[in-house]
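All of these numbers come straight from a predicted model, not from anything done at the bench. In what follows, every heavy atom counts, from backbone to side chain, and hydrogens, waters and symmetry copies are set aside.
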Amino acid sequence: MKNSGMTMAELKQYTQWRAMGDDTIPERLDLLEQRKHFVEQEIKALQQNLDILNRKIVFYHDQLTGNKYDFVLYLDEQQHVDEKVNS
């Protein structure tokens with residue numbers, strides 16, 4: 001639970017609820033679902049960062065091999081540029 005990014009206050013609250021028994025299952029479930037949503041958002045942000053890093057690496061490899069072009073940070077920007085060029 002600690003590795004999921006829960007704060008010490010959340011961990012303490014969860015532990016207290018667990019010690020209180022099954023009557024606190026709804027509270028524990030809510031806390032876990034909130035943490036899950038937060039972790040999913042972190043994963044999404046990390047994946048976006050990884051995608052950009054991978055594209056930058058390909059860009060610089062291409063630059064070194066003579067394949068010159070402008071780097072586009074977001075793919076939807078490239079689609080917009082392509083649409084203008086093809087119009």
Side-chain angles (χ1 to χ4, degrees):
M1 300 285 272
K2 184 178 178 183
N3 289 335
S4 73
M6 277 192 177
T7 66
M8 290 305 292
E10 289 172 323
L11 287 168
K12 184 177 179 181
Q13 181 64 72
Y14 179 84
T15 302
Q16 288 172 346
W17 282 334
R18 192 178 61 204
M20 295 167 100
D22 289 350
D23 289 343
T24 63
I25 287 175
E27 290 84 356
R28 286 182 272 162
L29 180 59
D30 184 54
L31 178 63
L32 294 174
E33 287 174 340
Q34 288 178 32
R35 177 54 42 194
K36 177 184 175 226
H37 178 73
F38 181 78
V39 169
E40 288 171 341
Q41 294 302 315
E42 285 183 312
I43 289 170
K44 182 179 177 182
L46 286 171
Q47 186 60 56
Q48 289 171 343
N49 291 336
L50 180 59
D51 292 345
I52 290 170
L53 286 170
N54 283 331
R55 290 180 43 240
K56 271 285 197 185
I57 289 168
V58 168
F59 172 77
Y60 286 121
H61 278 288
D62 287 349
Q63 296 294 301
L64 289 173
T65 60
N67 187 6
K68 305 283 185 178
Y69 54 90
D70 292 331
F71 181 78
V72 176
L73 182 58
Y74 298 105
L75 293 178
D76 59 343
E77 287 179 21
Q78 181 63 50
Q79 291 169 350
H80 182 68
V81 169
D82 290 345
E83 289 170 2
K84 286 180 110 177
V85 169
N86 293 329
S87 300

- [ ] Mind running side chain to side chain contact (heavy atoms under 4.5 Å, CB included) on L53 and K56 for me, showing each step along the way?
- [x] CA-CA 5 Å; L53 286 170; K56 271 285 197 185; 5.6 Å; no
Open item on the list: Would the distance check show the side chain of Q63 and the main-chain N or O of Y69 forming a donor-acceptor pair, the cut-off being under 3.5 Å?
Closed with: yes
TODO: Might you confirm whether atom CE of M1 has over 12 heavy atoms from other residues, nucleotides or ligands at distances under 6.0 Å?
DONE: yes
Open item on the list: Assess whether a salt bridge exists between E40 and K36, defined as any Lys/Arg side-chain N lying under 4.0 Å from an Asp/Glu carboxylate O.
Closed with: yes
Open item on the list: As an exercise, state the distance from CG of L32 to CD of E10, rounded to the nearest 0.5 Å.
Closed with: 10.0 Å
Task: With E27 via side chain to side chain contact (heavy atoms under 4.5 Å, CB included) - residues at least two apart - done: W17, T24
TODO: Mind checking the CD-NE2 spacing from E42 to H37? Nearest 0.5 Å is all I need.
DONE: 11.0 Å
TODO: First locate atom CG of D51, then atom CG of L46, and finally report the distance between them rounded to the nearest 0.5 Å.
DONE: 11.0 Å
TODO: Find out if a path of hydrophobic residues (ILVMFWY) with successive side-chain heavy-atom gaps under 4.5 Å connects L31 to L29.
DONE: no
Task: Nearest-0.5 Å distance, CD1 of residue I57 to CG of residue L50 - done: 8.5 Å
Open item on the list: So, taking the atom named CZ in R28 and the one named CD in Q13, what distance separates them when rounded to the nearest 0.5 Å?
Closed with: 11.0 Å
Open item on the list: Please report the interatomic distance CG(L11) to OG1(T15), rounded to the nearest 0.5 Å.
Closed with: 6.5 Å
Open item on the list: Check for me, please, whether Y14 and M8 land in the same ILVMFWY cluster - side-chain distances under 4.5 Å, paths through other members count.
Closed with: yes
Task: N67 atom CG, neighbour heavy-atom count above 12 within 6.0 Å - done: yes
TODO: In sequence, state the C-alpha distance, the side-chain angles, and the governing distance for F59 and R55, and then conclude on side chain to side chain contact (heavy atoms under 4.5 Å, CB included).
DONE: CA-CA 6 Å; F59 172 77; R55 290 180 43 240; over 6 Å; no
